[in-house]
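Have a look at the structure below before the remarks.
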Amino acid sequence: MALSAAALAALGACTTASVGPRPLPTLDGRPPLVVAHRGASGYVPEETIEAYARAIELGADVIEMDLIVTKDGVLITRHDPNLALSTDVATKPEFASRKKTMQVDGETQTGWFSQDFTLAEIKTLGAISTDPERPQQFNGRYKIPTFQEVLDLAAAKQKETGRPIAIYPETKNPTWFRDLGLPMEDKLIAMLDKAGLNSKAAPVFVQSFEPGSLKYMKGKGLKTKLIQLIDGDGIDPKTGAMTYAVPVERPWEWTKAGDKRTFAVMVTPAGLAEIATYADGIGPWKRYIISTRGTIGADGKQVDINGDGKLNDADSTSMAPTTLVVDAHKAGLFVHPFTFRNESRRLASDYKGDPKNEYLAYYRLGVDGVFTDFTDTALAARAAWLKDTGR
């Protein structure tokens, strides 16, 4: 009987070692999250109730939103304080006199700005697509939601579908708004408290490019998962190195304090260790993980490989991955890179025009989630990858 038991144990060990899916390379071993960046923004105007509802219908695990502040102190979901960039405000003659030029995080902009509009006035505006290659027929049809309306939508859809739907709000330009007398952090904490979402286990990720905003909220009792965003301006086509310029060279709070460091310090082991003292993860621009490099001609200029008269990602080739995902995981941080898109001009030539190939490259490296404008494409690529791993 002893020999039989030993033999069975050995057989079981062999079976365990040779059968079953390979471990996933994510931090927690779970499949990476699909984060609907500003909703289903590849299909309908971004950061609207319709965009968020569509993303949930497509199967997004998480809906992501940027928070800015109105004149009367209400949090709304827009990517930019400058309403000219994503609404039809320019077509409203009643607001023509409010057009002005000002600096936002050091960048000079001309337009109409949220801090000059009450919520009631903003509700008269319609959202527009921010990419000319995307559907334009919905422009002006959908209104600008408050953060509370998006919270209510997520709760209703969670109840309707029976599956968790996480939210991923960003404090946008928090120092800039604070200097205007419109701080947003306490409002965000209070709303999450009221919704019963202020806990580490809650389906909530709170993100910011400014470490001070995250640290402030943590100090004020915010218990949700916190994410440090890491930006860059562009890529040097000759070397693939990250380039930096206003307004995305460093957190605005650093610029105000005279700190000359760039976001580059955040992706070093020391920078990641610092982030781990106040946050749970990082949201880097995806080029920190896989950069691209162009073909340089004899004249020293980048070559228009596809001959369309434009220089973009389609005229570049992916480089070998950096160690950022591994380094972040070693620091105990999960990694949610941004932003994945389907348009051919945004895909390196080696992806052969298929956006799923880009997702697969990142999934294989162990990213813990992806920000995407096209939820369905990200999910299809994830399903294909999981199948390859035996799941």
Side-chain angles (χ1 to χ4, degrees), residues 36-55 63-153 169-184 187-188 191 208-209 246-248 252 339 341 343 373:
H37 180 242
R38 311 181 200 173
S41 51
Y43 301 111
V44 292
E46 64 189 41
E47 311 221 50
T48 58
I49 290 296
E50 290 77 9
Y52 293 122
R54 180 64 178 141
I63 53 174
E64 187 263 358
M65 66 285 310
D66 305 283
L67 302 181
I68 62 172
V69 192
T70 67
K71 182 178 182 179
D72 44 350
V74 180
L75 298 182
I76 60 173
T77 61
R78 289 289 88 190
H79 182 262
D80 304 279
N82 188 346
L83 301 172
L85 300 177
S86 65
T87 80
D88 60 3
V89 65
T91 69
K92 307 291 185 179
E94 64 269 32
F95 299 133
S97 63
R98 297 191 201 177
K99 185 177 183 180
K100 65 183 182 182
T101 298
M102 66 181 305
Q103 284 201 335
V104 180
D105 286 7
E107 180 184 45
T108 301
Q109 298 184 12
T110 297
W112 291 258
F113 298 86
S114 70
Q115 73 274 11
D116 297 329
F117 289 75
T118 65
L119 176 62
E121 290 171 330
I122 282 175
K123 284 294 187 180
T124 68
L125 307 179
I128 62 173
S129 175
T130 58
D131 188 319
E133 288 190 23
R134 295 180 179 178
Q136 302 295 307
Q137 65 266 34
F138 306 111
N139 286 353
R141 289 175 54 181
Y142 304 141
K143 299 304 180 184
I144 313 307
T146 64
F147 180 48
Q148 184 61 55
E149 288 171 331
V150 177
L151 284 174
D152 294 342
L153 172 73
E170 177 187 346
T171 57
K172 197 74 178 179
N173 309 101
T175 295
W176 186 80
F177 273 111
R178 189 178 305 111
D179 289 346
L180 292 172
L182 293 168
M184 64 179 67
K187 296 178 188 294
L188 173 57
M191 294 174 74
S208 186
F209 284 105
V246 173
V248 291
W252 177 239
T339 298
R341 299 176 168 109
E343 289 85 10
D373 289 356

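Counting from 1, the numbers follow the sequence of the chain as shown.
No side-chain donor-acceptor contact under 3.5 Å links K172 to the backbone of D80. Here the side chain of E343 pairs no donor or acceptor atom with the backbone of R341 at under 3.5 angstrom. In this structure, T87 contributes its side chain and A84 its backbone to no donor-acceptor pair below 3.5 Å. In terms of modelled atom types and a separation under 3.5 Å, the side chain of R78 and the main chain of S86 share a donor-acceptor contact. A donor-acceptor distance shorter than 3.5 angstrom exists from the side chain of R98 to the backbone of D116, with no hydrogens or angles considered. Without hydrogens or angle criteria, T77 side chain to L67 main chain gives no donor-acceptor distance under 3.5 Å. A donor-acceptor pair under 3.5 Å links the side-chain atoms of W176 to the main chain of Q103, judged by distance alone. Side chain of D88 to main chain of G126: a donor-acceptor pair is present (N/O by atom type, distance under 3.5 Å, no hydrogens or angles). In this structure a side-chain-to-backbone donor-acceptor pair under 3.5 Å is present from R134 to S41. For the pair Y52 (side chain) and E64 (backbone), a donor-acceptor distance under 3.5 Å is present.
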Test side-chain contact (heavy atoms from CB on, under 4.5 Å) applied to V69 and Q115, step by step | CA-CA 6 Å; V69 192; Q115 73 274 11; over 6 Å; no
Stepwise side-chain contact (heavy atoms from CB on, under 4.5 Å) check, Y142 with V44 = CA-CA 9 Å; Y142 304 141; V44 292; 4.3 Å; yes
Let me see the working for L188 and F147 under side-chain contact (heavy atoms from CB on, under 4.5 Å), right down to the final yes or no.
-> CA-CA 9 Å; L188 173 57; F147 180 48; 3.4 Å; yes
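Taking every heavy atom of both residues into account, A40 and R54 meet most closely at CB-CG, 3.7 Å. The two residues L153 and A53 make their nearest non-hydrogen contact at CD2-N, 3.9 Å. Counting all heavy atoms, side chain and backbone alike, S129 lies closest to P135 at CB-O, 3.6 Å. Closest approach of I68 to M184, counting heavy atoms only: CA-CE, 4.4 Å.
In the model, E46 has a side-chain atom that pairs as donor or acceptor with a side-chain atom of T130 under 3.5 Å. H79 and D66 are not linked by any side-chain donor-acceptor pair at a separation below 3.5 angstrom, with hydrogens and angles left out of the test. The closest side-chain donor-acceptor pair between D72 and T70 falls under 3.5 angstrom.
The number of heavy atoms from other shown groups lying within 6.0 Å of NZ (K71) does not exceed 12.
A distance of 12.0 Å separates CG of L182 from CG of N173, quoted to the nearest 0.5 Å. Here the CD atom belonging to E47 is positioned 9.0 Å from the CD1 atom belonging to I144, to the nearest 0.5 angstrom. To the nearest 0.5 Å, the span separating OG on S114 from CG on L119 amounts to 11.0 Å. Here the OG1 atom belonging to T101 is positioned 7.0 Å from the CZ atom belonging to F113, to the nearest 0.5 angstrom. If you take CD1 on I76 and CD on E149, they are separated by 10.5 Å, rounding to the nearest 0.5 Å. Atom CG in L83 sits 10.5 Å away from atom CD in E121 (nearest 0.5 Å).
Applying the side chain to side chain donor-acceptor pair (under 3.5 Å) rule to Q109 yields the partners N82, E107; only residues at least two apart in sequence or on another chain are considered. Legend: residues meeting side chain to side chain donor-acceptor pair (under 3.5 Å) with K99, ordered by chain and number and at least two apart, are absent.
Residues F177 and P81 have side chains in contact (heavy-atom distance under 4.5 Å, counting atoms from C-beta outward). Side-chain contact between V150 and I63 is present, with at least one heavy-atom pair separated by less than 4.5 Å. Counting heavy atoms from C-beta on, the side chains of K92 and W112 never come closer than 4.5 Å. In this structure the side chain of M191 reaches within 4.5 angstrom of the side chain of Q148, judged on heavy atoms. Using a 4.5 Å heavy-atom threshold, the side chains of N139 and P45 count as touching.
Between F95 and F117, the distance separating the two ring centers is shorter than 6.0 angstrom.
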